[in-house]
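Scroll down for the structure; my scribbles are underneath it.
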Amino acid sequence: MTHAAQVDTGAVPASDTQESSSAPISRLMIGVGFLLVVLSYMVNAMDRQVFPPLLPNIRAEYGFSLEQGGLLATNFTLGMALAGLPAGYLLDRFRRKTVLLVSIVIYSLGTMATPLATGFADMTLYRVVSGFGEGMQSAAIFAAIGAFFAHRRGLAFGVIGMGYSIGVFIAPLIGVRLMSMHGTWHSPFYLFGAAGLLIAAVSLFLVKAGLTEHSAEKVVSTRTYEYMPASAYNRNSIALAVHSVVSGVAIYGFLGLYPTYLITSLNYTAEQAALAMSFLGFGGMLGVLGGWLGDRVNQRNLLILSMVAVSAISLCIYETHPGIGLQYTLAFLMGAFGLGFIYPNTNSAMQRSVRPGQIGRASGLFVTSYYGTAAFSGLLFAALVDAFGWSRAGLLQVTLLPLVGALALAFVRPSRFNNAVR
């Protein structure tokens, strides 16, 4: 996954910074920088996923309804969606490292502000602000790493996804443990926010521009892309965006209210529900395998199979009411396919659907499409639960909806990807 890279010494616009270089970046600094990027994304996941297992306690303290709680569990993705396209524009014109560092500070401060909320309105604002920073960071990370590891993009995204999944795995366990120790749900938000600020400070010095400002055109300069559409918004990218919208609504609706379902419907304890969420993250660690496969097989077909798998797993979770051991197994499988296979391969396929110089816009499109409607997925799921009950709601949003995403993928043509063999 490593190759020669150059340190950027140019002015602020990305078109200049990515093309001018001076000294090579060592493999050691590539490794250190990549590790910090992965760690920053792990903290991003911890900030996101500490909220759902603490939601019953947050609802009890503030008197929020299930619909309000469902919206708060997922509305940070509205901030991510709002950040996506502007971030894609900025990433094609300014230093990716600058966007990355600023984004970490934004979502860390938003996370630390959450316990300071006095009601639904300002907590919503803090969650959206946190999501805005997370969206900027996601676009910056995947644009930078997608350019640097252009030939192993799926594998690189899988490693980053594994870092995210580790965050999903440990955040519920740490969050519930800290809440039990301190008698309040506030402390995990302060801890994770401070961790993000610390990583941003370290990254300022140890993440080198040679990693973040690399030009994708240089990596693939021997190829021609006349066979690809000139626009970043073409048949493949739009079909992938539709699939991304659908998968975001299904997966984030599930993630946002899964602990609440286990506690209120199946009578799990908060600790058992947190462990189930951790198994989701554990399954997501298979992102390395998912990304590796995405570099070697037909990525469209892999995504279709993964969406069908999510649908089947959801059917088992909401219709069969399995015992606790099987519930943990199903949570692991949902994490494996939903986080480990669908997320990195949708992201990398989106970048492969555009010419190399447009990956910033592709990264922004992915963030906006995946997280835009996901912001309201928790609210939608809660409304369906109130209207039809948990089983029917799960059938509609997490079982049938992924099949719509699989149908959208049928319009994708991998032969028009920028890594297609011609």
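Hydrogens, waters and symmetry mates are skipped; everything else that's a heavy atom, side chains included, is used.
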Donor-acceptor contacts under 3.5 Å from residues 253-262 side chains, at least two apart:
residue, atom, partner, partner atom, Å
Y258, OH, Q327, OE1, 2.9
Y261, OH, I317, O, 3.2

Mark yes when over 12 heavy atoms from residues, nucleotides or ligands other than R235 sit less than 6.0 Å from its CZ; otherwise mark no. yes
Can you tell me if Q137 and S40 form a side-chain donor-acceptor pair at under 3.5 Å? yes
Ring centres of F157 and F142 under 6.0 Å apart? yes
Counting C-beta onward and ignoring hydrogens, is there a side-chain heavy-atom pair between Y107 and V43 closer than 4.5 Å? yes
Side-chain donor/acceptor pairs under 3.5 Å, residues 330-345, sequence neighbours excluded:
residue, atom, partner, partner atom, Å
Y343, OH, Y41, OH, 2.6
Y343, OH, Y371, OH, 3.1
N345, OD1, Q299, NE2, 2.9
N345, ND2, G290, O, 3.0
N345, ND2, F341, O, 2.9

Hey, could you give me the CH2/CG distance between W390 and L384, rounded to the nearest 0.5 Å? 10.5 Å
For residues 398-413, dump all side-chain donor-acceptor pairs below 3.5 Å to protein atoms at least two apart in sequence or in another chain.
residue, atom, partner, partner atom, Å
T399, OG1, S314, OG, 2.8
T399, OG1, G394, O, 3.3
R413, NH1, A410, O, 3.1

Can you run down the salt bridge (charged side-chain N to carboxylate O under 4.0 Å, His left out) pairs that involve residues 328-356, sequence neighbours left out, and say none if there aren't any? D295-R352
Partners of L197 by side chain to side chain contact (heavy atoms under 4.5 Å, CB included), sequence neighbours excluded? V105, S108, L109, M112
Interatomic distance, F132 atom CZ to M80 atom CE [nearest 0.5 angstrom]: 11.5 Å
Residue list, ring-ring contact (aromatic ring centres under 6.0 Å, His included) with Y62, at least two apart or on another chain: F64
